[in-house]
Amino acid sequence: MPNVSRRTRILAVCAAVVAALLAVAVFAPLPVSIVEPGLTADVLGADQGTQIITVNGTQVRKTSGQLRMVTIQATAPDASVHFTDVWKAWFKKDQAVMPRDSVYPSGGSVKEIEKANQKEMTDSQDAATTAALKHLGLSPAKVTVDLHLEDVGGPSAGLLFTLGIIDKIDGNGRGGDLTGGRTIAGTGTIDGSGKVGAVGGVPLKEQAARRDGATVFLVPRGECADAKAELPSGLRLIPVDTLDGALDALDALQSGGRLPAC
């Protein structure tokens, strides 16, 4: 049997270590989520037989068109995502890989994460109601708004909830609808003062919006680059910073005025 040099033995050991590390990289779970276009819902309509927006204490109006909030669908917070899953998602237009902490609140059990997501949704709904009533000059002591949407968490529907409340109560302020009869989708957080904030997964949300018939998509201005990168054909992009800006844009859309652009 020929003698094996010390250098050869070292190389063999190194190769074995590299192979072991590669095996770990391939088979070990990664701290990421696989996401894809999720459900959309017309906030002017109903969810599972219950109106999404219910207003008491003031007159409401019949609306036309749709205001669709959009979501992404992600692997469960406790799912094991491996390199092979990431590799497959890389080549699919309707999937993306995102850090798990950007999809779900970090830490805690699945039940705790779900509870945190629900709290974010509840806080978002409260902020949306505050922003809408403030815009309309209505007192929350006299006008109450109930928002009902099952199986959705997080704060990214805030802008669409606010627009839906305004459309239900006052429309465009001139007897017409905010939508102009269109199917308009969008995403963005909102605070009580009407400031619109950024969200994640915008390209996938655009796919969901177009799939469900939207022709216009409202997006936080800070996410224009992501929104333009993979904009579906037939979907018009409108960036917004504030509630007032979103309302002005919808008015310009109907009147043929100048619209903001990314």
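Note: hydrogens, waters and symmetry copies are ignored here, and every other heavy atom, side chains too, is used.
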At their closest point, which heavy atom of [X] faces which heavy atom of [Y], and how far apart are they?
{"X": "His82", "Y": "Leu30", "value": "C-CD1, 4.0 Å"}
{"X": "Gly65", "Y": "Asp42", "value": "O-OD2, 4.2 Å"}
{"X": "Phe161", "Y": "Ala128", "value": "CB-CB, 3.7 Å"}
{"X": "Asp85", "Y": "Ser80", "value": "OD2-O, 4.0 Å"}
{"X": "Gln51", "Y": "Gly45", "value": "OE1-O, 3.3 Å"}
{"X": "Ala209", "Y": "Phe217", "value": "CB-CD1, 3.8 Å"}

When clusters are formed by joining ILVMFWY residues with side-chain heavy atoms under 4.5 Å apart, either directly or through shared neighbours, do [X] and [Y] land in the same one?
{"X": "Val35", "Y": "Met69", "answer": "no"}
{"X": "Ile166", "Y": "Val196", "answer": "yes"}
{"X": "Leu247", "Y": "Leu253", "answer": "yes"}
{"X": "Leu237", "Y": "Leu159", "answer": "no"}
{"X": "Ile238", "Y": "Leu231", "answer": "no"}

Using modelled atom types and a 3.5 Å cut-off, is there a donor and acceptor pairing between side-chain atoms of [X] and backbone atoms of [Y]?
{"X": "Gln207", "Y": "Lys93", "answer": "yes"}
{"X": "Thr40", "Y": "Val70", "answer": "no"}
{"X": "Thr179", "Y": "Gly181", "answer": "yes"}
{"X": "Asp191", "Y": "Gly194", "answer": "yes"}
{"X": "Arg68", "Y": "Ala208", "answer": "no"}
{"X": "Thr130", "Y": "Gly192", "answer": "no"}
{"X": "Ser124", "Y": "Glu120", "answer": "no"}
{"X": "Gln73", "Y": "Leu39", "answer": "no"}

Evaluate the side-chain proximity of [Y] to [X]: yes if any heavy-atom separation is below 4.5 Å, no if none is.
{"X": "Met121", "Y": "Val152", "result": "yes"}
{"X": "Asn172", "Y": "Gln254", "result": "yes"}
{"X": "Thr187", "Y": "Glu206", "result": "no"}
{"X": "Arg210", "Y": "Leu235", "result": "yes"}
{"X": "Val32", "Y": "Val86", "result": "yes"}
{"X": "Lys205", "Y": "Thr71", "result": "no"}
{"X": "Gln66", "Y": "Leu44", "result": "no"}
{"X": "Thr129", "Y": "Ile165", "result": "yes"}

Reported [atom1]-to-[atom2] distance for the pair [X] and [Y], which is rounded to 0.5 angstrom:
{"X": "Asp226", "Y": "Leu204", "atom1": "CG", "atom2": "CG", "result": "10.5 Å"}
{"X": "Arg236", "Y": "Ile184", "atom1": "CZ", "atom2": "CD1", "result": "11.0 Å"}
{"X": "Thr54", "Y": "Leu147", "atom1": "OG1", "atom2": "CG", "result": "8.0 Å"}
{"X": "Ile169", "Y": "Leu133", "atom1": "CD1", "atom2": "CG", "result": "6.0 Å"}
{"X": "His148", "Y": "Thr50", "atom1": "NE2", "atom2": "OG1", "result": "4.0 Å"}

Q: Could you please spell out the steps behind the side chain to side chain donor-acceptor pair (under 3.5 Å) verdict for Lys168 and Gln59?
A: CA-CA 9 Å; Lys168 286 267 189 178; Gln59 189 173 359; over 6 Å; no

Q) Step by step, would you call Asp78 with Arg100 a salt bridge (charged side-chain N to carboxylate O under 4.0 Å, His left out)? A) CA-CA 10 Å; Asp78 59 345; Arg100 187 171 294 160; over 6 Å; no

**Q.** disulfide bond (SG atoms under 2.5 Å apart) pairs, two or more places apart, involving residues 71-102
**A.**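 Listed once each, the pairs would be none.
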
Q: Would you sort out whether Lys195 and Thr242 count as a side chain to side chain donor-acceptor pair (under 3.5 Å), showing the intermediate values?
A: CA-CA 5 Å; Lys195 183 179 179 181; Thr242 64; over 6 Å; no

Q. Among Val43, Thr162, Leu67, Ile53, whose side chain to side chain contact (heavy atoms under 4.5 Å, CB included) with Asp167 holds?
A.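 Between Asp167 and the candidates, side chain to side chain contact (heavy atoms under 4.5 Å, CB included) is satisfied uniquely by Leu67.
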
Q) Is the CZ atom of Arg221 crowded by more than 12 outside heavy atoms at less than 6.0 Å? A)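 Atom CZ in Arg221 is crowded, with more than 12 foreign heavy atoms closer than 6.0 Å.
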
Q.
Could you check whether Arg182 pairs with Asp177 (Lys NZ or Arg NE/NH1/NH2 to Asp/Glu carboxylate O, under 4.0 Å)?
A.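 Here Arg182 does not pair with Asp177 in a salt bridge, since their nearest N and O are not under 4.0 Å apart.
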
Q: Carefully, step by step, assess Leu163 and Leu250 under the rule side chain to side chain contact (heavy atoms under 4.5 Å, CB included).
A: CA-CA 10 Å; Leu163 293 175; Leu250 292 178; 4.3 Å; yes

Q. Please walk me through it: do Asn56 and Asp146 pass side chain to side chain contact (heavy atoms under 4.5 Å, CB included)?
A. CA-CA 8 Å; Asn56 292 290; Asp146 291 321; 4.3 Å; yes

(Q) Among Asn117, Thr122, Asp123, exactly one meets side-chain hydrogen bond (donor to acceptor under 3.5 Å, both in side chains) together with Lys119. Which residue is that? (A)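 It is Asp123, the one option of Asn117, Thr122, Asp123 that forms the side-chain hydrogen bond (donor to acceptor under 3.5 Å, both in side chains) with Lys119.
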
